[in-house]
Colleague: 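Pasting a structure below so you can have a look.
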There are 2 protein chains.
Amino acid sequence: MTDEGRRNVRDLRRANRARLLRQLYFHGPLSRQDLIQATGLSSASVSNVVADLLDAGLVVEAGAVESEGGRPRILLRVDTSCFEVIGIDVGETRIRLERFDLGLGELAALDLPVLDGTLDPEAVVPAIAAGLAELSAGATAPLLGVGIGVPGIVQHQPYAVIHGQTVGWDAFPLEERLRAHTRLPLFIDNGATTMAQAEMWFGAGRDVDSAVFLLLGSGAGASVIADGAPFRGSTTSAGEWGHLNVQYQGRRCRCGARGCLEAYVGAEAIIARYAEAEGSAKIVAADEEETLRQILALAEESGPAGDAARDVLDETAVRVGVGIANVVNFLNPQRVIIGGWAGLALAPSLLPRIREVVRDHALRLPYSLTSVDLGALGADAVARGAATLPVARLLEAGA
Amino acid sequence: MTDEGRRNVRDLRRANRARLLRQLYFHGPLSRQDLIQATGLSSASVSNVVADLLDAGLVVEAGAVESEGGRPRILLRVDTSCFEVIGIDVGETRIRLERFDLGLGELAALDLPVLDGTLDPEAVVPAIAAGLAELSAGATAPLLGVGIGVPGIVQHQPYAVIHGQTVGWDAFPLEERLRAHTRLPLFIDNGATTMAQAEMWFGAGRDVDSAVFLLLGSGAGASVIADGAPFRGSTTSAGEWGHLNVQYQGRRCRCGARGCLEAYVGAEAIIARYAEAEGSAKIVAADEEETLRQILALAEESGPAGDAARDVLDETAVRVGVGIANVVNFLNPQRVIIGGWAGLALAPSLLPRIREVVRDHALRLPYSLTSVDLGALGADAVARGAATLPVARLLEAGA
DNA sequence: ACAGGTTAAATCACGTCTCGAACTAAGTCA
DNA sequence: TGACTTAGTTCGAGACGTGATTTAACCTGT
């Protein structure tokens with residue numbers, strides 16, 4: 001209802017500057033003429049605002065296009081080297097930190113293993129702080145900020161508090177804790193949301209403005225994008241897709257309820273279901289990723305262990321498909337995109353079956369308007385998306 | 001991504017005018033001082049813009065507040081009599097047309113029965129046209145437009161086309177057809193969306209900005225409100241809540257799939273389930289509303305017919321509760337509101353049970369941040385909400 | 001009844017913004 | 001070399017919001 005809008009002519013200027021900057025950021029080198037077309041501003045204003053941006057060092061000239069009989073157009077682009085950002089993926093199996101330039105080109109990365117496979121928040125804070133210090137040290141341009149993608153629900157009140165019911169984080173004040181270790185601006189959001197942001201900016205969602213992103217890892221999350229921006233309910237992160245009830249009185253989920261989707265489709269659940277399945281083989285592996293790969297390999301083999309793997313994977317595809325059909329019916333997105341390390345591992349073999357199930361369970365019209373695809377950015381989408389958060393702020397402010 | 005924002009100073013003025021108008025519309029008579037507080041504009045600008053609005057006749061003075069030692073504040077309010085609007089609820093059991101003043105006070109109404117209980121689109125058009133003509137004739141102020149709430153998915157391309165898979169409307173070009181009968185601006189949206197809009201403006205959603213509205217009638221729809229505005233996917237209306245799959249290989253739904261929520265919770269489904277139930281009594285009634293009332297009455301009685309009714313209603317509550325829990329987990333709304341004629345009929349007796357089921361199936365945090373309530377506007381919320389559409393346009397334009 | 005105080009609303013002078021038009025810059029083509 | 005074409009800049013005009021100032025309207029106390 002309340003619209004933090006423009007009030008006076010200065011705000012207007014800020015908004016127009018942000019509009020130009022945004023255009024240049026997302027649609028590559030452009031001439032002033034292109035900007036006039038794209039923004040609807042007059043040539044005078046474009047000249048004027050571009051001069052501002054050039055002065056501020058945010059934008060630089062980038063050659064010229066061939067003339068067609070007149071003065072050649074000078075191309076402009078955002079100077080991606082004028083700032084750097086850090087993105088962090090706090091996953092259930094590892095913590096990954098990456099440093100990027102303003103254009104989200106990767107400059108450095110750091111992987112921290114999660115001890116004992118449990119994500120103790122008290123251990124996470126010093127680990128992140130140390131990683132941050134190490135990555136910051138290498139920066140050659142001012143750091144714009146740090147984005148962090150976490151598992152669970154993020155509540156800004158006003159400092160980010162994490163509720164990770166499935167990983168045992170109970171209202172953990174991550175932002176406040178990290179504040180003690182760094183002066184950089186912090187931007188914290190749900191990991192599925194940051195992944196979605198990355199895919200919207202650079203990946204599978206580049207050409208749409210409403211989409212649903214599914215993050216299949218140990219568990220299953222989602223992020224809903226509406227009109228190009230993440231949907232948020234009363235807290236910062238909506239999208240607990242994994243806890244849609246898909247089976248009344250079904251399997252017990254680690255959240256405590258029964259019949260959650262996550263009790264069937266997360267890597268943890270798949271592994272558990274395989275272990276329980278009749279004829280399954282004992283799997284010895286270092287971690288979940290390795291175990292899941294072995295199940296996928298078994299499904300290629302004949303014999304009871306292979307049958308069991310195929311059964312488990314087929315049910316997984318069905319459950320994922322039904323879960324997607326629900327989303328398609330309910331939200332009618334232009335696209336559904338599957339990501340997360342487990343999603344990326346499973347999708348190649350399961351995608352056809354998933355699409356089939358979606359088709360059978362979705363209403364005709366919403367189904368005809370959507371497509372189910374794989375994420376385009378791979379496993380570091382979460383960290384990259386986290387890094388977009390400070391950049392988004394810059395683009396909105398225009399300075 | 002694209003932001004249809006303000007570009008020049010004139011747009012700025014328009015936006016500020018809209019901001020003031022909106023404030024006056026929703027927050028009753030206010031003085032210029034109140035407006036300064038609420039909008040953050042300077043007193044000079046408020047004076048200026050208010051003068052504009054007074055000139056345009058949209059706003060009038062409405063007395064003064066008692067002075068406290070200085071010049072008394074003059075109150076301003078929107079002149080609700082300067083325009084009228086018409087709202088139409090195209091329901092599966094009846095078509096209702098209502099004429100309102102700008103403040104959505106009801107001035108006249110008209111009910112059209114649906115022939116044979118089937119909503120033939122070819123019969124609906126002339127019926128609406130005739131009703132419109134009759135209602136328009138009585139208007140004493142210019143008509144701002146006509147809002148129509150329909151069952152099914154609405155696609156603007158660019159004229160509204162209705163896809164009502166469950167009522168047999170297949171890409172029906174309602175807007176184009178009605179265009180032949182009236183020159184008034186037409187605003188067509190899904191009935192659940194218009195109901196939601198009405199509740200957001202005047203009812204159970206007045207004090208929140210994210211909510212999910214459930215429309216229980218013959219079938220079951222929903223509308224999702226995010227940041228005060230309806231969520232829209234790739235078509236105009238998202239929110240086919242009734243076609244969430246809640247039971248793999250469950251009851252056959254009229255949409256063709258199996259296990260849809262609507263196969264359990266809509267009035268049609270409840271009646272069918274009661275008829276199939278063991279020990280149920282034969283019910284003879286004029287229409288669905290009457291039949292549903294009789295089932296509710298039976299549930300108060302002892303004996304097998306009463307047992308059957310109680311069983312059917314309890315399962316209904318469970319299914320609705322699970323459906324709501326799914327929405328709470330996935331979208332994390334500040335409030336879930338049940339409306340529609342069947343919802344309003346069922347809720348008094350089922351609400352406690354529904355809330356219990358929601359609590360058991362929702363994640364703790366989202367559950368603790370939401371509440372499940374009954375719609376506050378009764379059965380004409382759809383028509384009233386439809387009428388808000390032209391008004392919303394006026395408030396956005398500020399003229 | 002009237003001065004002094006108080007608060008609301010209108011007015012004024014100023015700075016900023018965008019815009020259209022005129023103008024300058026930098027090429028091509030014959 | 002000069003006419004032509006297109007890109008980008010500059011300039012004056014018009015519109016807006018703001019803070020300061022002025023006017024309006026009411027109260028209180030004498």
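Here is the naming used below: chain letters follow the sequence lines, and residue numbers restart at 1 for every chain. Every heavy atom of this structure was used, including side-chain atoms; hydrogens, water molecules and symmetry mates were not.
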Colleague: Assuming nearest nucleotide by heavy-atom distance, tell me which of A:Asn48 and B:Ser45 is located more 5' along DNA chain D.
Modeller: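 Residue closer to the 5' terminus by nearest nucleotide: A:Asn48.
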Colleague: Using the side-chain heavy atoms of B:Ser47, tell me which of these nucleotides is nearest: C:dA10, C:dC19, C:dC17.
Modeller: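 Given the options C:dA10, C:dC19, C:dC17, the side chain of B:Ser47 is closest to C:dA10.
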Colleague: Between atom CG in A:Asn8 and atom P in C:dT18, what is the gap in whole Å?
Modeller: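 Atom-to-atom, A:Asn8 to C:dT18, this comes out as 12 Å.
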Colleague: Answer with base, sugar-phosphate or nothing: what part of the nucleic acid does B:Asn16 contact at a heavy-atom distance below 4.0 Å?
Modeller: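 Counting heavy atoms under 4.0 Å across all strands, the contact made by B:Asn16 is with sugar-phosphate only.
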Colleague: Using whole Å, report how far CZ of B:Arg10 lies from P of C:dC19.
Modeller: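 Atom-to-atom, B:Arg10 to C:dC19, this comes out as 12 Å.
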Colleague: Does B:Gln33 have a side-chain nitrogen or oxygen under 4.0 Å from the phosphate oxygens OP1 or OP2 of C:dA9?
Modeller: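 It does, given that an N or O in the side chain of B:Gln33 lies less than 4.0 Å from OP1 or OP2 of C:dA9.
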Colleague: Would the number of heavy atoms belonging to other residues, nucleotides or ligands and lying under 6.0 Å from CZ of A:Arg393 be above 12?
Modeller: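 Check fails, neighbour count at 12 or below.
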Colleague: Give me the atom names and distance for the closest heavy-atom approach of B:Glu175 to B:Ala160.
Modeller: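 Scanning both residues, the minimum pair turns out to be OE1-N, 2.6 Å.
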Colleague: Where do B:Arg232 and B:Asp189 land on the side-chain contact (heavy atoms from CB on, under 4.5 Å) test, with the steps shown first?
Modeller: CA-CA 11 Å; B:Arg232 302 172 189 286; B:Asp189 216 324; 3.1 Å; yes
Colleague: Let me see the working for B:Leu102 and B:Asp79 under side-chain contact (heavy atoms from CB on, under 4.5 Å), right down to the final yes or no.
Modeller: CA-CA 8 Å; B:Leu102 193 57; B:Asp79 179 7; over 6 Å; no
Colleague: Assign the ring pair B:Phe26 / B:Phe202 to parallel, tilted or perpendicular, where the plane angle (0 to 90°) is split at 30° and 60°.
Modeller: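 Taking B:Phe202 first and then B:Phe26, their aromatic rings sit tilted (interplane angle of 30° to 60°).
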Colleague: Respond yes when some side-chain nitrogen or oxygen of B:Arg7 is under 4.0 Å from OP1 or OP2 of C:dT18, and no when none is.
Modeller: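 Negative; the distance criterion is not met.
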Colleague: Shortest non-hydrogen contact from A:Ala204 to A:Arg335?
Modeller: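 Taking every non-hydrogen atom into account, O-NH1, 2.7 Å.
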Colleague: To the nearest Å, how far apart are B:Leu35 CG and C:dA10 C1'?
Modeller: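 It is 16 Å, rounded to the nearest whole Å.
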Colleague: Could you check how far CZ of B:Arg32 sits from P of C:dT7, rounded to whole Å?
Modeller: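 Rounded to the whole Å, the gap is 19 Å.
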Colleague: For A:Leu35, which of A:Val50, A:Val49, A:Leu41 qualifies under side-chain contact (heavy atoms from CB on, under 4.5 Å)?
Modeller: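 Result for side-chain contact (heavy atoms from CB on, under 4.5 Å) with A:Leu35: A:Val50.
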Colleague: With side-chain contact (heavy atoms from CB on, under 4.5 Å) as the criterion, how do B:Asn16 and B:Ser45 come out once you've worked through the C-alpha distance, each side chain's angles and the decisive distance to 0.1 Å?
Modeller: CA-CA 9 Å; B:Asn16 281 336; B:Ser45 295; over 6 Å; no
Colleague: Closer to the 5' end of DNA chain C via nearest nucleotide, is it B:Ser43 or A:Ser42?
Modeller: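 Residue closer to the 5' terminus by nearest nucleotide: B:Ser43.
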Colleague: Expected output is a numbered-order residue list: members of residues 63-72 of chain A with a heavy atom under 4.0 Å from any atom of DNA chain D. What is it?
Modeller: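 Under 4.0 Å from DNA chain D: A:Gly69, A:Gly70, A:Arg71, A:Pro72.
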Colleague: Looking only at heavy atoms, what is the nearest atom pair of B:Met200 and B:Ile225, with distance?
Modeller: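 Taking B:Met200 first and B:Ile225 second, the nearest heavy atoms are CE-CG2, 3.6 Å.
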Colleague: Which of the following nucleotides, C:dC19, C:dC17, C:dT11, is nearest to the side chain of A:Arg13?
Modeller: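 From the listed options, C:dC17 comes nearest.
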Colleague: What range of DNA chain D does chain A touch, first nucleotide to last, counting atoms under 4.0 Å from its heavy atoms?
Modeller: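 Range of nucleotides within reach of chain A: D:dT5 to D:dG17.
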